[in-house]
Amino acid sequence: MNDVKTRARPAAVTLTPASEARIAELMAKAPVDAIGVKLSTPRRGCSGLAYSVDYVTQAVPFDEKIETPGGVLYIDGGSVLYLVGSTMDWVEDEFSAGFVFNNPNATGSCGCGESFTV
């Protein structure tokens with residue numbers, strides 16, 4: 001008999017309490033058919049990839065699923081490798097508010113901070 005030990009795999013992205021609270025706020029006013037929010041890294045901007053967070057209405061088999069107290073964060077399966085080890089935060093000040101990513105995989109970013117390279 002083979003004794004196989006398994007352990008839970010850590011989530012690709014760590015969420016701060018502020019980002020979890022923001023996901024809860026988004027889900028509280030989400031469209032009726034939304035099942036969560038999805039983080040992806042579409043090709044855009046002068047550095048190549050950008051962060052995008054949108055409502056999602058159906059789960060995709062290879063997407064990573066992170067349960068939070070206020071709703072589910074899905075990570076696009078094609079984006080996971082670009083995001084492993086990242087921290088997702090929500091930052092607000094007098095002039096702006098938005099998700100901020102500390103991504104150890106990013107090797108560069110554009111001057112305006114809207115896109116990154118890996």
Side-chain angles (χ1 to χ4, degrees):
M1 186 164 174
N2 188 2
D3 290 325
V4 176
K5 294 182 181 180
T6 60
R7 62 182 169 91
R9 179 174 48 101
V13 174
T14 301
L15 289 98
T16 65
S19 65
E20 287 184 349
R22 181 59 182 164
I23 289 170
E25 289 172 15
L26 289 170
M27 291 309 298
K29 59 184 178 186
V32 175
D33 59 345
I35 62 168
V37 294
K38 186 172 186 173
L39 170 60
S40 61
T41 55
R43 296 201 175 280
R44 145 172 105 213
C46 50
S47 286
L49 298 170
Y51 301 103
S52 178
V53 180
D54 300 291
Y55 289 113
V56 64
T57 58
Q58 63 183 358
V60 176
F62 293 105
D63 286 354
E64 175 138 348
K65 181 179 178 181
I66 300 174
E67 301 275 352
T68 75
V72 178
L73 171 69
Y74 292 89
I75 301 175
D76 175 67
S79 299
V80 169
L81 290 177
Y82 304 128
L83 299 169
V84 169
S86 296
T87 300
M88 179 177 174
D89 196 8
W90 177 258
V91 177
E92 289 185 47
D93 64 25
E94 289 183 60
F95 303 105
S96 65
F99 286 109
V100 175
F101 298 89
N102 179 0
N103 186 344
N105 305 300
T107 58
S109 63
C110 63
C112 64
E114 291 296 317
S115 60
F116 68 100
T117 56
V118 288

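Side chains included, hydrogens not; waters and symmetry mates left out as well; all remaining heavy atoms used.
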>> Tell me which pairs pass salt bridge (charged side-chain N to carboxylate O under 4.0 Å, His left out) where either residue lies in residues 50-63, with sequence neighbours left out.
In response: Lys38-Asp63

>> Between Glu64 (side chain only) and Val80 (backbone N and O only), is there a donor and an acceptor less than 3.5 Å apart?
In response: no

Nearest 0.5 angstrom please: [X] [atom1] to [Y] [atom2], how far?
X	Y	atom1	atom2	result
Ser40	Tyr82	OG	OH	12.0 Å
Thr14	Met88	OG1	CE	11.5 Å
Leu73	Met27	CG	CE	11.0 Å
Leu39	Phe101	CG	CZ	4.5 Å

> Would you call Tyr51 and Leu83 a side-chain contact if the rule is heavy atoms closer than 4.5 Å?
Replying inline: yes

> If Ile, Leu, Val, Met, Phe, Trp and Tyr residues are connected whenever their side-chain heavy atoms lie under 4.5 Å apart, and connections chain through other members, are Leu15 and Val100 in the same group?
Replying inline: no

> In terms of hydrophobic clusters joined by side-chain contacts under 4.5 Å, are Val84 and Val53 together?
Replying inline: yes

>> Checking one residue: Val56. Which other hydrophobic residues are in its cluster under the side-chain 4.5 Å linking rule?
In response: Ile35, Val72, Tyr74

>> Under the rule for ring pair (Phe, Tyr, Trp, His ring centres under 6.0 Å), what residues qualify as partners of Tyr55, not counting sequence neighbours?
In response: none

> Do you know the tightest heavy-atom contact between Pro104 and Asn102?
Replying inline: CD-O, 3.6 Å

> Taking only residues two or more places apart in sequence or in another chain, which ones pass side-chain contact (heavy atoms from CB on, under 4.5 Å) with Ala24?
Replying inline: none

>> Walk me through whether Ile75 and Ile66 qualify under side-chain contact (heavy atoms from CB on, under 4.5 Å).
In response: CA-CA 8 Å; Ile75 301 175; Ile66 300 174; 3.7 Å; yes

> Residues two or more places apart in sequence or in another chain: which of them pass side-chain hydrogen bond (donor to acceptor under 3.5 Å, both in side chains) with Glu92?
Replying inline: Trp90

>> Which residues pass the side-chain hydrogen bond (donor to acceptor under 3.5 Å, both in side chains) test with Ser79, not counting sequence neighbours?
In response: Thr41, Asp76

